[in-house]
Amino acid sequence: MLERANSLFGYTLGELSIYAKLEIPPNLKRDKGWIGILLERYLGASAKNKSEPDFASIGIELKTIPIDNRSKIPLETTFICVAPLIGNSGVTWETSYVRYKLSRVLWIPIEGQRTMPLAMRRIGAPLLWNLNSKEELHLKSDWEELMDLIVLGKVETITAHHGEMLHLRPKASHGKSLTAAIGKFGKPILTIPLGFYLRKKFTAKIIARYYRYFLL
DNA sequence: CTATGATCATCC
DNA sequence: GGATGATCATAG
């Protein structure tokens with residue numbers, strides 16, 4: 001699979017879409033996950049919409065990441081998973097889904113400037129990344145701060161400003177989506193679902209270590 | 001609704 | 001410009 005991923009370096013999304021027999025949309029406005037689906041399809045990911053790594057047998061999570069090819073900086077934050085708002089008793093960073101998802105990621109950088117037609121965007125060299133102890137410490141600190149707010153009934157006070165590397169933002173189809181959570185005084189409430197995202201400054205560091213290898 | 005895949009678009 | 005808050009598509 002890694003060899004197959006490496007072989008994608010330099011190809012455009014237009015070329016890959018033809019090869020993978022996946023129709024290319026005019027833009028990503030209505031197909032935000034299209035690039036991810038395309039790469040999964042080409043690389044033979046197994047998980048679909050199940051809760052396990054994309055390549056379960058080898059414990060690798062696949063993530064495409066849009067990059068500005070001049071600055072080499074990510075253009076978007078990276079979604080990790082939906083935040084559990086209830087049933088968190090006994091959950092620690094060590095057993096968290098965030099840590100599980102991020103323990104090993106195959107990042108595939110792709111030119112992502114909106115001015116560039118989708119078909120012309122080039123695929124960069126994949127980067128197999130293992131969460132190191134320093135990074136983990138940072139994420140753990142953010143995760144604990146955020147989970148405290150959730151568990152202590154302060155979910156409605158959460159904004160994307162919380163968390164240095166990892167933060168929470170809405171994750172829903174629309175603003176009226178509701179899910180169960182804990183409100184003030186421990187009272188059950190319904191609120192908008194939240195997702196964990198990696199800030200660009202975190203992913204930028206990962207990408208920077210390898211930027212010389214991709215996108216010319 | 002929740003999970004997968006993310007980016008859009010507004011506001012500061 | 002860039003981050004925050006909002007949103008899109010699909011499967012089960």
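Throughout, a chain's letter reflects where its sequence line sits, starting with A, and its residues are numbered from 1. Basis for what follows: all heavy atoms, side chains included, without hydrogens, waters or symmetry-related copies.
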Peer 1: NA contact type, A:T77, heavy-atom cut-off 4.0 Å: base, sugar-phosphate, or nothing?
Peer 2: base
Peer 1: Hey, which sits more toward the 5' end of DNA chain B by its nearest nucleotide, A:R121 or A:V82?
Peer 2: A:V82
Peer 1: Whole angstroms only, please: what is the CG-C1' distance between A:L178 and C:dA6?
Peer 2: 14 Å
Peer 1: Tell me: CG of A:L62 to P of B:dG5, nearest whole Å?
Peer 2: 8 Å
Peer 1: Taking CZ from A:F196 and P from B:dA3, how many angstroms apart are they, rounded to a whole number?
Peer 2: 12 Å
Peer 1: When you check the phosphate oxygens OP1 and OP2 of C:dT4, does a side-chain N or O of A:H167 lie under 4.0 Å from one of them?
Peer 2: yes
Peer 1: Return no unless some side-chain N or O of A:R169 is found under 4.0 Å from OP1 or OP2 of C:dA3.
Peer 2: no
Peer 1: Respond yes when some side-chain nitrogen or oxygen of A:T78 is under 4.0 Å from OP1 or OP2 of B:dA6, and no when none is.
Peer 2: no
Peer 1: Starting from C1' on C:dC8, measure out to CG on A:D31 and report it in whole angstrom.
Peer 2: 8 Å
Peer 1: Hey, which of A:E111, A:R114, A:E76 is the one that makes side chain to side chain contact (heavy atoms under 4.5 Å, CB included) with A:P66?
Peer 2: A:E76
Peer 1: What nucleotide, of B:dC8, C:dT4, B:dC1, holds the atom closest to the side chain of A:A160?
Peer 2: C:dT4
Peer 1: Is there side-chain contact between A:L128 and A:R104, with heavy atoms separated by less than 4.5 Å?
Peer 2: yes
Peer 1: Would you say a side-chain N or O of A:H161 is under 4.0 Å from OP1 or OP2 of C:dA3?
Peer 2: no
Peer 1: For C:dT4, take OP1 and OP2 only and decide whether either is under 4.0 Å from a side-chain N or O of A:R199.
Peer 2: yes
Peer 1: So does A:S173 get a side-chain nitrogen or oxygen closer than 4.0 Å to the phosphate oxygens (OP1/OP2) of B:dC1?
Peer 2: no
Peer 1: When all nucleic acid strands are considered with a 4.0 Å heavy-atom cut-off, which category describes A:G33: base, sugar-phosphate, or nothing?
Peer 2: base
Peer 1: Taking atom C1' of B:dT4 as reference, at what distance in whole Å does atom CZ of A:F79 sit?
Peer 2: 8 Å
Peer 1: Write down the distance between NZ (A:K171) and C1' (C:dA6), rounded to a whole number of angstrom.
Peer 2: 12 Å
Peer 1: Tell me: CD1 of A:I192 to C1' of B:dC1, nearest whole Å?
Peer 2: 13 Å
Peer 1: Would you say A:K101 reaches B:dT4's phosphate, i.e. side-chain N/O to OP1/OP2 under 4.0 Å?
Peer 2: yes
Peer 1: Does A:Y197 put a side-chain nitrogen or oxygen below 4.0 Å from OP1 or OP2 of C:dA6?
Peer 2: no
Peer 1: Any side-chain N or O of A:R30 under 4.0 Å from OP1/OP2 of C:dA9?
Peer 2: yes
Peer 1: Let me confirm one number: the CG-CD1 distance from A:D68 to A:I207, rounded to the nearest 0.5 Å.
Peer 2: 12.5 Å
Peer 1: Is a side-chain donor-acceptor pair under 3.5 Å present for A:T77 with A:R169?
Peer 2: yes
Peer 1: Taking 4.0 Å as the cut-off, does a side-chain nitrogen or oxygen of A:K200 come that near to OP1 or OP2 on C:dG2?
Peer 2: no
Peer 1: Rounded to whole angstrom units, what separation is found between the CG atom of A:L38 and the P atom of B:dT7?
Peer 2: 13 Å
Peer 1: More 5' along DNA chain B: A:P66 or A:A180, using each one's nearest nucleotide?
Peer 2: A:A180
Peer 1: For residues A:E135 and A:W129, is any side-chain donor paired with an opposing acceptor at under 3.5 Å?
Peer 2: yes
Peer 1: Any non-hydrogen side-chain atom of A:S96 less than 4.5 Å from a side-chain atom of A:F196?
Peer 2: no
